[in-house]
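Okay, structure first, notes after.
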Amino acid sequence: MATLHVENVPDDLYKALRKRAKERGNSISTEVISLLREEVPTEEELRARRRYFEQMERLRSTKPQGTGPFPTLEEMIREDRER
């Protein structure tokens with residue numbers, strides 16, 4: 001596993017990080033790793049997002065197979081107006 005050293009962290013940012021870690025019962029190191037996991041996607045995560053996006057695009061581009069046994073919006077509005 002790699003080691004990361006960060007220099008010149010602004011004092012206010014370090015205090016906020018230390019406070020957040022303490023509130024969650026974590027060390028500063030564990031909290032930084034948690035934040036990096038939340039904010040920096042891995043190659044695997046990027047691939048999964050691309051697959052999801054492609055799947056959503058396919059779904060959007062297909063037309064519905066039918067309205068089923070339900071009336072269309074126009075039919076429902078017309079029926080309501082005729083009451």
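Hydrogens, waters and symmetry mates play no part in the numbers below; they use all other heavy atoms, side chains included.
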For the hydrophobic clusters of this structure (ILVMFWY residues joined by side-chain heavy atoms under 4.5 Å, transitively), does one cluster hold both Leu13 and Leu35? yes
Check whether Val9 and Ile33 end up in the same hydrophobic cluster, where Ile, Leu, Val, Met, Phe, Trp and Tyr are linked by side-chain heavy atoms less than 4.5 Å apart.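 No, separate clusters.
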Please assess Arg51 against Gln55 for the test side chain to side chain contact (heavy atoms under 4.5 Å, CB included), listing each intermediate value before the final yes or no. CA-CA 6 Å; Arg51 284 192 305 268; Gln55 185 179 19; over 6 Å; no
For Asp80, I'd like to know if atom CG has over 12 heavy atoms of other residues, nucleotides or ligands within 6.0 Å.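 Yes, CG of Asp80 has more than 12 neighbouring heavy atoms, counting only those of other groups under 6.0 Å.
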Quick one: side chain to side chain contact (heavy atoms under 4.5 Å, CB included) partners of Glu44, sequence neighbours excluded? Thr42, Arg47
Under the side chain to side chain contact (heavy atoms under 4.5 Å, CB included) test, which residues partner Ile28, sequence neighbours left out?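 Partners of Ile28 by the side chain to side chain contact (heavy atoms under 4.5 Å, CB included) criterion, ordered by chain and then number, come out as Tyr14, Leu17, Arg18, Ala21, Val32.
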Checking Arg78 against Glu82 for the salt bridge (charged side-chain N to carboxylate O under 4.0 Å, His left out) test, could you report, in this order, the C-alpha distance in whole Å, the side-chain angles of both residues, the deciding distance, and whether it holds? CA-CA 6 Å; Arg78 192 171 295 120; Glu82 291 174 355; 5.3 Å; no
Atom CD in Glu54, atom CG in Leu59: separation rounded to 0.5 Å?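 CG of Leu59 is found 12.0 Å from CD of Glu54.
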Distance-minimising heavy-atom pair for His5 and Thr3: NE2-CG2, 3.5 Å
Grab the two heavy atoms, one from Thr72 and one from Glu75, that are nearest each other, plus how far apart they are. N-OE1, 2.8 Å
Within the structure provided, determine whether Arg81 and Ile77 are in side-chain contact (heavy-atom separation under 4.5 Å). yes
Arg60: side-chain hydrogen bond (donor to acceptor under 3.5 Å, both in side chains) partners, not counting sequence neighbours: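 By the side-chain hydrogen bond (donor to acceptor under 3.5 Å, both in side chains) rule, Arg60 matches Glu57.
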Does the pair Glu45/Arg49 count as a salt bridge with the N-to-O cut at 4.0 Å?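 Yes.
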Testing Arg24, Lys22, Arg37 for salt bridge (Lys or Arg N to Asp or Glu O under 4.0 Å) with Glu31, which one passes? Arg24
